[in-house]
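Below, chain A is the first sequence line, B the second, and so on; all start at residue 1. FYI, side chains are in, hydrogens and waters are out, and symmetry mates aren't considered; it's all heavy atoms of this structure. Values in this document were obtained by computation on a predicted structure and should not be read as measured data.
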There are 2 protein chains.
Amino acid sequence: MPETPRRAVGISANRYGNRPTMKDVAARAGVGLKTVSRVVNGEPGVTPETERRVQEAIDALGFRRNDSARVLRKGRTATVGLVLEDLADPFYGPLSRAVEEVARAHGALLINGSSAEDPDREQELALALCARRVDGLVVIPAGDDHRYLEPEIRAGVATVFVDRPAGRIDADCVLSDNFGGAREGVAHLVAHGHRRIGFIGDMPRIHTAAERLRGYRAAMEDAGIAVEDAWTSLGATDPWRVRRAAEQMLSGPSPVTAVFSGNNRVTVTVIRVLAEQSRAVALVAFDDLELADLLQPGVTVVAQDAAAIGRTAADRLFRQLGGTQIAPERIELPTRLITRGSGELPPAD
Amino acid sequence: MPETPRRAVGISANRYGNRPTMKDVAARAGVGLKTVSRVVNGEPGVTPETERRVQEAIDALGFRRNDSARVLRKGRTATVGLVLEDLADPFYGPLSRAVEEVARAHGALLINGSSAEDPDREQELALALCARRVDGLVVIPAGDDHRYLEPEIRAGVATVFVDRPAGRIDADCVLSDNFGGAREGVAHLVAHGHRRIGFIGDMPRIHTAAERLRGYRAAMEDAGIAVEDAWTSLGATDPWRVRRAAEQMLSGPSPVTAVFSGNNRVTVTVIRVLAEQSRAVALVAFDDLELADLLQPGVTVVAQDAAAIGRTAADRLFRQLGGTQIAPERIELPTRLITRGSGELPPAD
DNA sequence: CTGAAAGCGCTTACAG
DNA sequence: CTGAAAGCGCTTACAG
């Protein structure tokens, strides 16, 4: 009776689809394991002849070093995690790309995850990344309590929060000047003669939404205008909710003559509603949009630089990983008012 | 003389910033390693009392399982890689998010990388992902030779190509019907009376660009129109190049009366150029744009469903990982013509 | 119900 | 210049 074959000859059986290992390469080249390791990692101290034999075995077997074993010994994974809200949102694409580029410059890869604005999912994702021992974590918070990350940070996971500050822990964060940007945008409308100005924003528990609302209120107060309740609306950014909010403040006995839109998703719907109005309504929008200058009128915006935010956060992350102890810092990046027409329309009445 | 302390008491020194391991938990709980493993993984066969003691030790030490060690034994990383062109491009955000969602449903995380349309960088990235032993790889090709992935695929890395087919290897791919979509779009212009129709596309070595040009030519031939050299322009999608191409075909003795734009980046510039023209020029554009319906006229587009493409590719990837042997397949997803005005303008002359 | 031993594929620290 | 042994933090396959 023939023996049952247990494994392919010369290749140790394993779960990576029968991949050759350094051991297989060593056996084939007739050298020790460490010599293979030296060749694979380009370490000195190998004769050209030995190196040639090892390289030949590597090529013949199609060997590729298993970095996940390497990582286990070395302790650093050269991987950073990015927890954001939704990769499909045009704001996060450039941000993510910027983080990726900085990571790449440091030889690291980027694991992306979307929280879908759900605090539980944010936590689940962030901790899953920590379990994979990412070296660092860039988090765009969905929740407002990040104490769950304390043990991880203490254990050495570099962490930077972006777009919104961390909740209940002291950590680096990189933000846009949401308050200042909104204040400037609303002041711009005031300067063009508006007094009844509406504000449509995201859910109030989101830091950026709250800050922008605060900027709106500050600008109104600066102008000595008492804000009526009907002028502000915060909530989900789905088209239905935003449309309803916009239509309400544009109707009634004393409708608003201008709208400040709190973010890019809100803006898209607001523009649609304004296009349906019989009279011209001024608009200044937080976040820039592609094609914003081609609409009629062009959309005046308070622009954030998503790439700069991502770059700044990633730089900060790798500085933490660089080993120098640095105290947590709050870095605020300026916004930029871009006038294109919609924010310079005079009041219709 | 006091002894030099070598390590913190009770915690084994290691490179993960002194993280507790299962061994530490076992020691503290006074149980064996395997019992800790059972509790951590929710395996049965542990008395409630033992479980409590272990859990207490876990909490006290702030233990979190090192998945990267786990992976080394189990053989699957529950990680998939996505190599795309540029995460900042609005086409890839939704695509990436869709891949992420499918991965998440299978308990896997997603590592993203941008090739920046550079074949060398694509290869470097894809192989780096393989070295980390991703279970599967979704690749949007930048290069046209993917034989470098053959050993990886043979070793069991599930692979699906997206948006463009693999070069020189037989592998799954998920594409839009670029040929059919472009042909339909151009036929639409012909149906509205145009005969001198320009085509501005991406670099000819990119599969989608070539296919869309082929669709353009087919539609023109269907209509019995001989295409003049001056009507087609392929190349980089930077604004300067596209502007120049558009202006050239719109000038001279017999300018085009309609333009077919080959992708979203081209379209952005073409719209700007057309807006500057004194006469109306018809436009049909490949790829939808966020505010396309709000421009005047609205932009008629041949839309791809980026999310559906990503979802289809990821489904296919996990089917490969499911173990059933399936022959490589080429899946082509239909495009959708959305008429909004710009494609229905009659010829200006 | 519980745990000691071996091993995943590498690197580290040594010794020759 | 080269390699055997130990170990990274887990899981697997057993044995009690």
**Q** Among the nucleotides C:dC10, D:dC10, C:dC8, which one has an atom lying closest to any side-chain atom of B:Leu72?
**A** C:dC8

**Q** Can you tell me the distance, in whole Å, between the NZ atom of A:Lys23 and the C1' atom of C:dT11?
**A** 16 Å

**Q** Could you tell me how far apart B:Asn66 (CG) and D:dG7 (P) are, to the nearest whole angstrom?
**A** 18 Å

**Q** Looking at B:Glu152 and B:Arg133, does any basic side-chain N land under 4.0 Å from a carboxylate oxygen?
**A** no

**Q** Check B:Arg121 with B:Glu124, please: is the shortest side-chain N to carboxylate O separation under 4.0 Å?
**A** no

**Q** Could you list by number each residue of residues 41-59 of chain B showing a heavy-atom separation from DNA chain D of less than 4.0 Å, or answer none if no residue does?
**A** B:Asn41

**Q** Out of D:dT11, C:dT11, D:dC10, which nucleotide sits closest to the side chain of A:Lys74?
**A** C:dT11

**Q** If a stem is a run of at least 3 consecutive Watson-Crick or G-U pairs, both distances under 3.5 Å, which stems include DNA chain D?
**A** C:1-3 with D:14-16, C:5-12 with D:5-12, C:14-16 with D:1-3

**Q** Between atom CG in B:Asp67 and atom P in D:dC10, what is the gap in whole Å?
**A** 9 Å

**Q** Just to confirm, is there a sub-4.0 Å distance from OP1 or OP2 of C:dT12 to any side-chain nitrogen or oxygen of A:Arg73?
**A** no

**Q** So, are A:Lys34 and A:Glu43 salt-bridged, with charged N and O less than 4.0 Å apart?
**A** yes

**Q** When the distance from CZ of B:Arg70 to P of C:dG9 is rounded to whole Å, what number comes out?
**A** 17 Å

**Q** Regarding B:Glu150 and B:Arg147, does a basic nitrogen lie under 4.0 Å from an acidic carboxylate oxygen?
**A** no

**Q** Short of 4.0 Å, heavy atom to strand atom, which residues of residues 30-39 of chain B count as contacting DNA chain C?
**A** B:Val31, B:Gly32, B:Lys34, B:Thr35, B:Arg38

**Q** Determine which pairs satisfy side chain to side chain donor-acceptor pair (under 3.5 Å) with at least one residue from residues 161-170 of chain B, sequence neighbours left out, and list them in order.
**A** B:Glu117-B:Arg164

**Q** Within this structure, what is the CG-to-P distance between A:Leu61 and C:dG9, rounded to whole angstrom?
**A** 14 Å

**Q** Contact between B:Phe63 and B:Val40 at the side-chain level, heavy atoms closer than 4.5 Å - yes or no?
**A** yes

**Q** Applying salt bridge (Lys or Arg N to Asp or Glu O under 4.0 Å), can you list everything that pairs with B:Arg70, at least two apart in sequence or on another chain?
**A** none

**Q** Hey, is the main chain of A:Thr21 close enough, under 3.5 Å, to the side chain of A:Asp24 for a donor-acceptor pair?
**A** yes

**Q** Could you pull out all residues at least two apart from A:Asp172 that satisfy salt bridge (Lys or Arg N to Asp or Glu O under 4.0 Å)?
**A** A:Arg316

**Q** Does A:Arg311 pair with A:Glu100 as a salt bridge, N-O distance under 4.0 Å?
**A** no

**Q** Without swapping roles, check the side chain of A:Thr312 against the backbone of A:Gly310 for a donor-acceptor pair under 3.5 Å.
**A** no

**Q** A:Arg132 has an atom CZ; how far is it from atom P of D:dC8, in whole Å?
**A** 23 Å

